[in-house]
Each structure stands twice: as C-alpha cells, then as structure tokens.
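For reference, the structure discussed in these notes is given below.
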Amino acid sequence: MVTITEVREVDDSADKVWDIVSDVDRDPEYWSGLTSIRNIRKEGNLIEREVVVGFMGRKGTQRIELVPKESIRLTMIDGPLIGSREIKLVPLGARRTKIDVSWDIQFSAIPDFAQGFVRSRLEETTREALDRIAKAIQAGRK
C-alpha cells in the first residue's frame, strides 16, 4: 500500500468548505487527473460512479460516502488505482478549517517502472487540488 497525505488550512468555516468539497460532481474542476465522471447511482450520502483518469484515459469505478460536514471517503473499486482517498474537515475555530487529504492505494494496473512517476503525480495533483479548493473558498467570500 502507498500512503500519501496533504494538509491545507483555509480561512473559512467548515460549513463553507463543505459546500465546495462535497459537490463531488465538480471533482474534475479540482482534481486534474480526473478527466470525466458518470454517476451510476446516488442514494442519500452514497454515490457510485464511473470515471476516466490519467493521461491514458483509464476507466475505473468509485464509491463515495459523504459524512456531512466531516468527511468524504472515496473508494476506488477498480481501475488503475485500488484503495481510498479521504478528505476530512477539521474546524479550527469559527472562520478557519483544516482540510486533510489522505490516500491509501495500490497500483493495480500500473507497471512497476511507472509507479514512482504515478505516485509523484498524485502528490502534485493533491497539492494542486487543495490550491484550487482554497481559491474557490476565497472567491466565495468576495
């Protein structure tokens, strides 16, 4: 298993941050490796979707569980990566929130020689996603 973690603090309430990160249909706007999504099923706080990821356009299936105002747990069922990504929101007062992103993955369909590159790209994509989320939060305050 490969574990990747990134943390970002933003100047807004957990409620406002939740409004942005929980709109998972907009994930391709934040997560550059995610080319497209197609929801298969939505039931309450559970979503199952098909995705196209990476520059090679690999397909996969994801299951998402939303825990309102606390976390988003994405499970990659099949595709080039198997495992999970969790986004946790930690209130740091009325107007500050920590966004904690952690990946726990296996490279199921990625050759050994490319795994280091994919890991590095996933780390970079996570930092970029947090930058985009922070900018969206800031834009919402204006």
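Count residues from 1 along the sequence.
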Practice problem: Check whether any side-chain N or O of Thr126 sits under 3.5 Å from a backbone N or O of Leu122 as a donor-acceptor pair, and report yes or no. | Solution: yes
* **Note: Arg38-Asp25 ion pair, threshold 4.0 Å (strictly below)** => no
Do Met76 and Ile105 have side chains that approach each other closer than 4.5 Å (heavy atoms only, starting at C-beta)? yes
*In sequence, state the C-alpha distance, the side-chain angles, and the governing distance for Ile133 and Val21, and then conclude on side-chain contact (heavy atoms from CB on, under 4.5 Å).*
CA-CA 7 Å; Ile133 290 166; Val21 298; 3.9 Å; yes
From the list Asp12, Asp11, Asp15, salt bridge (Lys or Arg N to Asp or Glu O under 4.0 Å) partner of Arg95 resolves to Asp12
d(Glu123 CD, Glu128 CD) to nearest 0.5 Å is 12.0 Å
In this structure, OG of Ser71 is separated from CD of Glu65 (nearest 0.5 Å) by 7.0 Å
Of all heavy-atom pairs linking Pro80 and Val53, the shortest is CG-CG2, 3.6 Å
* Asked: Thr61 and Asp78: side-chain donor and acceptor closer than 3.5 Å?
  -> yes
Taking every heavy atom of Ile72 against every heavy atom of Ile64, the minimum-distance pair comes out as CG2-CG2, 3.7 Å
Here the pair of heavy atoms bringing Ala136 nearest to Tyr30 is CB-OH, 3.7 Å
Indicate yes or no for a side-chain donor-acceptor contact from Thr125 to the backbone of Arg121 under 3.5 Å, with no hydrogens or angles considered. yes
- Check whether any side-chain heavy atom of Ile99 sits under 4.5 Å from a side-chain heavy atom of Val10, and report yes or no. yes
Checklist entry - Would you call Ile137 and Val17 a side-chain contact if the rule is heavy atoms closer than 4.5 Å? => result yes
Thr3 backbone acceptor or donor facing Arg119 side chain under 3.5 Å = yes
Are the side chains of Asp131 and Arg8 in touch, meaning some heavy atoms are under 4.5 Å apart? yes
Query raised in the report: When you check the gap from the basic side-chain N to the acidic O, do Glu48 and Arg41 get nearer than 4.0 Å?
Result: yes
Of all heavy-atom pairs linking Val67 and Trp18, the shortest is O-CH2, 3.4 Å
message: With a 3.5 Å distance limit and no angle check, can you tell me whether Thr97 reaches the backbone of Ala14 through a side-chain donor-acceptor pair?
response: yes
For Ile47 and Lys42, the nearest pair of non-hydrogen atoms, with its separation, is CG1-CG, 3.9 Å
dist Thr35:OG1 -> Arg58:CZ (nearest 0.5 Å) comes out at 12.5 Å
* Asked: Charged N to carboxylate O under 4.0 angstrom, Glu124 versus Arg127?
  -> no
Cation-pi check, Arg85 to Trp31: give yes when NZ or CZ is under 6.0 Å from the six-membered ring centre and within 45° of the ring axis, no otherwise. yes
The single option from Arg49, Arg26, Glu50 that satisfies side-chain contact (heavy atoms from CB on, under 4.5 Å) with Ile37 is Arg49
Requested in this report: For the pair Lys98 and Glu9, find out whether any cationic side-chain nitrogen is under 4.0 Å from an anionic carboxylate oxygen.
Outcome: no
